[in-house]
Amino acid sequence: MNNSGEHTNIKKILIIGGVAGGATAAARMRRLDETAEITVLEKGPYVSFANCGLPYFISKDIQRRSSLLLQTPEGFFSRYRVDVKVNTEAVEIKRDEKIVVARTSSGDEEISYDKLLLAQGGSPVVPRLPGVTSEHVFKLWTIPDMDRIHAFIEEKKPVHAVIAGGGFIGLEMAEALSARGIAVTVVELAPQVMILMDAEFGAMIKNGLEERGIQVKTHVGLSEIRSNSVLLSDGSILDSGMVLLSVGVRPELKLAKAAGLEIGTSGGLIVDETMRTNDPDIYAAGDMVEITNKVHGRKVRIPLAGPANRQGRIAATNILGSRMVYRGALGTSVVKLFNSTAASTGLSEKAAREAGFDVGVSYLFKDNHVTYYPGGRPLALKLVYDKKTARLLGGQAYGEAGVEKRIDVLATALHGKMTLEDLSELDLAYAPPYNSANDPLNLAAFVGLNNITNFSPLRTPSETLDELRHDGGIILDVRTLGEQSKAPLHNALLIPADEIRDRIDEIPKEKTIYILSKDGFLGHTTLQILKANGWTRVFNIAGGYLAARWVDGWCFHK
Ligand SMILES: Cc1cc2nc3c(=O)[nH]c(=O)nc-3n(C[C@H](O)[C@H](O)[C@H](O)COP(=O)(O)OP(=O)(O)OC[C@H]3O[C@@H](n4cnc5c(N)ncnc54)[C@H](O)[C@@H]3O)c2cc1C
């Protein structure tokens, strides 16, 4: 009988992989059933280590290496009576016999199971390049990887490092290596860093890194790694005493494929909502599985720690006979980049368009709290929604304070399938040191509602450029003279917002007008004045100059 009082015949449970999904599942299983025999096979030397913390040991933010080791095999046994076999690799699953072949340095052993849980994670992609196996080339995935990097820096004291890949691990490591006094260049094949965010956020992040002395090269890859330099695909050569490869993660599927388990269209192992594979006695969790994206309902891979832990918990529960379903994830993520934070949840604008939504976008550029209280820090927020239904689809934020709070609130709203109207009504905490009376999310929802009701129709900076090419419209630049002179835009009609009523006759009525203000706010006010005076084809450029400056095709001269 399990601890929920239900009868199960499960005696032997075997788990392959002993970190996020696997370790969580093992602990949960013991809490659910005091009698089951639970064994974990882990091919590495450590069980349950904090892989997300590895960059912070390199940076020396985390000083004690031991704090990354969350459990030991001995600790697991004494607390949970779970048999953890480290340095033990599962090399074959014999499904017919319900046996796993486990390999150690002293030979192979066959271990039988009633139920098997695969929690093997993924492995970092290593591109085939000349020089890639050199001693000064690293990946960061495990504690031994971290130890190697740390020892190399201590011993060889490299002056320059090249990081291939501008995803979150690459960028966290850019900060970490920079904290160790190393001059870092990030090389990214895609047109932007943080490819899951929209291009303007990639550009803001790149700019923020460059301000911190990190060189960022996009649209370019590594071609060859040499002893003290790298050759890039554009023919240039960079000094580099060490190279970190951080170019993606592949799900670890060799065993599963060989055992005939089904792989899905996204490239992950197929599981049902109980985390069961096509074999009723084999479950899976974590980076290796494909799951449902909660916004568009398609199958995706979301290799992140939160989903892996929750999937492990749910798989454990189902394996032991109770029922718990996993409905999918939003892909909510956050990354610290020096004194800034970038975070996102749900669909980016580009992902929402690819998924076929009628996409609307609001931007908000505000301080994280009222400006009259000292210490406010700038925050850039983008909200993505469906114009037809007003349903929220996703959001992104970047700034120095309050970023993750907005994204977590938005993630909650997405989970609840909320609309712009719901978000506009959210009653969020406010006092001057923390917020404004309307949270930036409330305001972004107001902007979205004004857009979809056509009260204040928006065009994104990219849409504006596209439409201008076809409709012969004009940009009306209503920024203050000071704002215009710092970043002038040629070929625009310049009338500061405060002069619009007096100079309204200068604005052609027969043309489509796209209003550019600093951040969209005075654009909204100007639009109402024009509408009241008979203009019919007039749009506010979403996010104004502060969004457009990061968008390809917009050219503000300095
Ligand atoms: C440097 C770094 C930083 C990260 N930062 C974040 C972060 O800030 N936020 C976030 O959400 N996510 C982060 N992640 C991702 C997160 O760690 C993973 O999504 C999560 O660990 C996946 O859990 P998992 O159980 O699927 O796989 P893992 O935790 O990777 O565990 C899989 C284990 O299975 C073992 N294994 C594989 N095959 C076998 C086999 N045949 N036999 C025995 N053992 C096997 C592996 O050795 C491995 O230890 C980070 C990852 C890294 C590497």
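Whatever order the structure lists ligands and atoms in, that order sets their numbers, starting from 1.
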What one should report as the nearest heavy-atom pair of Leu117 and Ala285 is CD1-N, 4.1 Å
Just need the protein heavy atom nearest to atom 2 (C) of ligand 1, so name the residue and atom and give the distance.
Asn51 O, 3.3 Å
Which option out of Ala305, Gly53, Gly306 puts a heavy atom nearest to atom 10 (C) of ligand 1?
Ala305
Can you see which heavy atom on Ala397 is nearest to which on Leu381, and at what distance?
CB-CD1, 4.0 Å
Ligand 1 atoms in contact with Leu41 (distance to a heavy atom under 4.0 Å):
43 (C), 44 (N)
re atom 41 (N) of ligand 1, the protein heavy-atom contact at minimum distance is Ala90 O, 3.0 Å
So which protein heavy atom does atom 43 (C) of ligand 1 come closest to, and at what separation?
Lys43 N, 3.2 Å
Say whether, by atom type as modelled, one donor and one acceptor occur between the side chain of Ser178 and the main chain of Ala176 under 3.5 angstrom.
no
Nearest protein heavy atom with distance in Å, relative to atom 34 (O) of ligand 1:
Gly17 CA, 3.2 Å
Nearest protein heavy-atom contact for atom 18 (C) of ligand 1: which residue, which atom, what distance?
Asp287 OD2, 3.5 Å
For side-chain contact (heavy atoms from CB on, under 4.5 Å), just list the numbers for Tyr326 and Glu273, CA-CA rounded to whole Å, side-chain angles, deciding distance to a tenth of an Å, and then say yes or no.
CA-CA 5 Å; Tyr326 185 72; Glu273 60 180 12; 5.5 Å; no
Those atoms of ligand 1 less than 4.0 Å from some heavy atom in Ala20:
20 (C), 21 (O), 23 (O), 25 (O), 29 (O)
Go through Glu188 and Lys206 one step at a time and tell me if the salt bridge (charged side-chain N to carboxylate O under 4.0 Å, His left out) criterion holds.
CA-CA 11 Å; Glu188 169 59 63; Lys206 176 174 186 275; over 6 Å; no
So which of Phe168, Trp141, Tyr56 gets nearest to atom 53 (C) of ligand 1, if we judge by its closest heavy atom?
Trp141
Do you know which of Lys98, Lys12, Glu97 makes side-chain hydrogen bond (donor to acceptor under 3.5 Å, both in side chains) with Ser112?
Lys12
For ligand 1, indicate whether the residue Ile169 contacts it via side chain, backbone, both or neither (heavy-atom separation under 4.0 Å).
side chain
Interfacing atoms of ligand 1 (cut-off 4.0 Å, heavy-atom, Ala308):
22 (C), 23 (O)
Which of the atoms in ligand 1, numbered in the order shown and given with their element, are less than 4.0 Å from a heavy-atom of Gly286?
26 (O)
Taking side chain as C-beta onward, heavy atoms only, is Ile149 less than 4.5 Å from Met173?
yes
Short version for Ile16: what comes under 4.0 Å of ligand 1, heavy atoms counted, is side chain
Nearest protein heavy atom to atom 27 (O) of ligand 1, by residue and atom, and its distance?
Gly121 CA, 3.2 Å
Run the numbers for me: atoms of ligand 1, each under 4.0 Å from some heavy atom of Glu42, listed by number.
33 (C), 34 (O), 35 (C), 43 (C), 44 (N), 46 (C), 47 (O), 48 (C), 49 (O)
Has Phe338 got more than 12 heavy atoms of other residues, nucleotides or ligands less than 6.0 Å from its CZ?
yes
Tell me whether the guanidinium CZ or amine NZ of Arg81 lies under 6.0 angstrom from the six-membered ring centre of Phe77 and within 45° of its axis.
yes
Judged on heavy-atom distance to atom 13 (C) of ligand 1, which of Ser333, Gly331, Cys52 sits nearest?
Cys52
For the residue pair Tyr80 and Phe76, does the interplanar ring angle fall in the parallel (under 30°), tilted (30 to 60°) or perpendicular (over 60°) class?
tilted
Under the 3.5 angstrom rule, does the side chain of Thr292 hit a backbone N or O of Lys294 as a donor-acceptor pair?
no
Answer with yes or no whether Thr88 contacts ligand 1, where contact means a heavy atom under 4.0 Å from a ligand atom.
yes
For the residue pair Asn278 and Glu262, what are the closest heavy atoms and their distance?
OD1-N, 2.9 Å
Among non-hydrogen protein atoms, atom 38 (N) of ligand 1 lies closest to Gln120 NE2, 3.3 Å
Applying a 4.0 Å heavy-atom criterion (strictly less than), which segment of Pro303 is in contact with ligand 1: side chain, backbone, both, or neither?
backbone
Please state which protein non-hydrogen atom is closest to atom 25 (O) of ligand 1 and give its distance, to 0.1 Å?
Gly21 N, 2.7 Å
Ligand-residue contact atoms, ligand 1 with Leu140, heavy atoms, under 4.0 Å:
1 (C), 53 (C)
Does CZ belonging to Arg103 count more than 12 external heavy atoms closer than 6.0 Å?
no
Which ligand 1 atoms are under 4.0 Å away from a heavy-atom of Val19?
28 (P), 29 (O), 31 (O), 49 (O)
